[in-house]
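Structure first, then comments.
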Amino acid sequence: MAKDLNYVCTECGATHSKWSGRCDACGAWNTIQEEAPLTTGPGAKAIGAHRGRKVTLTDLASTPEAPPRTMSGVAELDRVLGGGLVAASALLVGGDPGIGKSTLLLQAAARFGRNGLKVIYVTGEESAAQVQMRAQRLGLTDSPVTLAAETNLRDILTTLDVERPDLVIIDSIQTMWSDKVEAAPGSVSQVRTAAHELTTFAKTRNIAVIMVGHVTKEGTLAGPRVVEHMVDCVLYFEGERGHQFRILRAHKNRFGPADEIGVFEMTGKGLAEVKNPSALFLSERDTATPGSVVFAGIEGTRPILCEIQALVSPAQPGQTRRSVVGWDGGRLAMILAVLESRCCVSFAGLDVYLNVAGGLRIGEPAADLAVAAALISAREDAALPVDCAIFGEISLSGAVRPVAQTENRLKEAAKLGFTQAILPQRPKRRAGTETAAGLDLREMRDLPGFVDTVFGLAPGERE
Ligand code: TYD
Ligand code: MG
């Protein structure tokens, strides 16, 4: 009967009262499926037939102890977790298939095991033999980690109840199935139920859970976004195909800063930490090239320098291309529009390609000025000095706006041997607080001024 059914979008998890071809919530086509609804608790009118238990209330003044944390010893991972793994927390690790999630978690499991946690690794995707082979390849066979190849949630929970580990790794949540709901593994209600049962069970028994989740081609966690709300921490494992660098990014973290990143390199012996990512992202850069600019960025709490490359070429009539890797396409369109209308630097009739080298993805608006510099440098075929770092946000009016953590960006640039920086104009400082880190600074107030002083393009010569 229609009344007993829900219509749920498999992309975003939104529920609808009737089927339709397109989900109103996320706009995806053909993603709505019939599913049995979850129980909704006691009736709306009354407390229900059975009275509940009275919940204990506390005030805000009592200070709970900070939750105990365990370090893995992999600094890149511990920092992303906000300073180690919190006991009884729930984590979700998302990423494309084949990016290295299972490798990362097996290595992490081994480290946590050696640091005294009792760890169970549950694999639903691979056989136990496959995981053992990987462990052999990674040289982890002697680590105190126990393994189970199982997808039945009831059996897993029973095992956890008997074994009482400190940490359980579920690879992946999409393969788990609970017999409480009649839906195929990987469907919205299965993933939601399995994640909910696992996290609540684990929390009551003081077990930390790390779940692996697959990502759709649009880059969001496949299945319901609701899992993201259930867990304490959502990490994404990203990387461009063809690059050996992998970036673990905290998307949400209840116990530490979000937007923190950890950089790894995929080697023949698993994932290795990259301690100095800036040096790595800039390693192939030694001569000044038109279209190449160094951006002094901040990822989480850490400054990271990376190279932004632009290429501009004549377009086929009627089909100009704008292609971006590692940055936001909408933001590129905005910078091009500001350059055109405020600085008379036009890219009409030109194809524009923008790339962040090394497979890094930048989300900071502070990269605007570096992108603008790369675009003009490519258009004018004029290289900026090799040892010059750039940052600053551009507003629609063409003003260059100040950004956070200027000092940290400058310090990192100085540490890597840069001698010049182009940055937004800073407020007047008191004498003695000037710490330019030994760099030659050029402060910019607006984009037309930048185009003029850096590229020597007076308004008349820009056409
Ligand atoms: P995997 O962890 O299985 O990815 P996921 O669980 O995210 O699907 O990683 C698979 C890839 O990693 C595979 O293409 C091979 C590569 N790899 C290495 O390069 N070196 C290694 O030591 C290991 C274990 C994997
Ligand atoms: Mg895997």
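Atoms within a ligand are numbered from 1 in the order they appear, just like the ligands themselves. Values in this document were obtained by computation on a predicted structure and should not be read as measured data.
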Check: So, is T103 placed with an N/O/S atom under 2.8 Å from the Mg ion (ligand 2), counting both backbone and side chain?
Finding: no

Note to self: We want to know whether Q244 and T267 form a side-chain donor-acceptor pair, criterion being a heavy-atom distance below 3.5 angstrom.
What the structure shows: no

Notebook entry, point to check: Hey, is K415 close enough to E412 for a salt bridge, meaning N to O under 4.0 Å?
Noted result: yes

Checklist line | Shell of residues surrounding ligand 1, defined by a 4.0 angstrom heavy-atom cut-off that is strict | finding: D96, P97, G98, I99, G100, K101, S102, T103, R134, R137, L138, M266, T267, G268, K269, G270

Notebook entry, point to check: Is there a donor-acceptor pair under 3.5 Å between the side chain of T289 and the backbone N or O of S292?
Noted result: no

Note to self: Using a 6.0 Å cut-off, check whether atom CZ of R154 has over 12 heavy atoms from anything other than its own residue.
What the structure shows: no

Margin query: Are there over 12 heavy-atom neighbours, none belonging to R361, within less than 6.0 Å of that residue's CZ?
Written below: no

Check: Cut-off 3.5 Å, side chains only: do S102 and D171 have a donor facing an acceptor?
Finding: yes

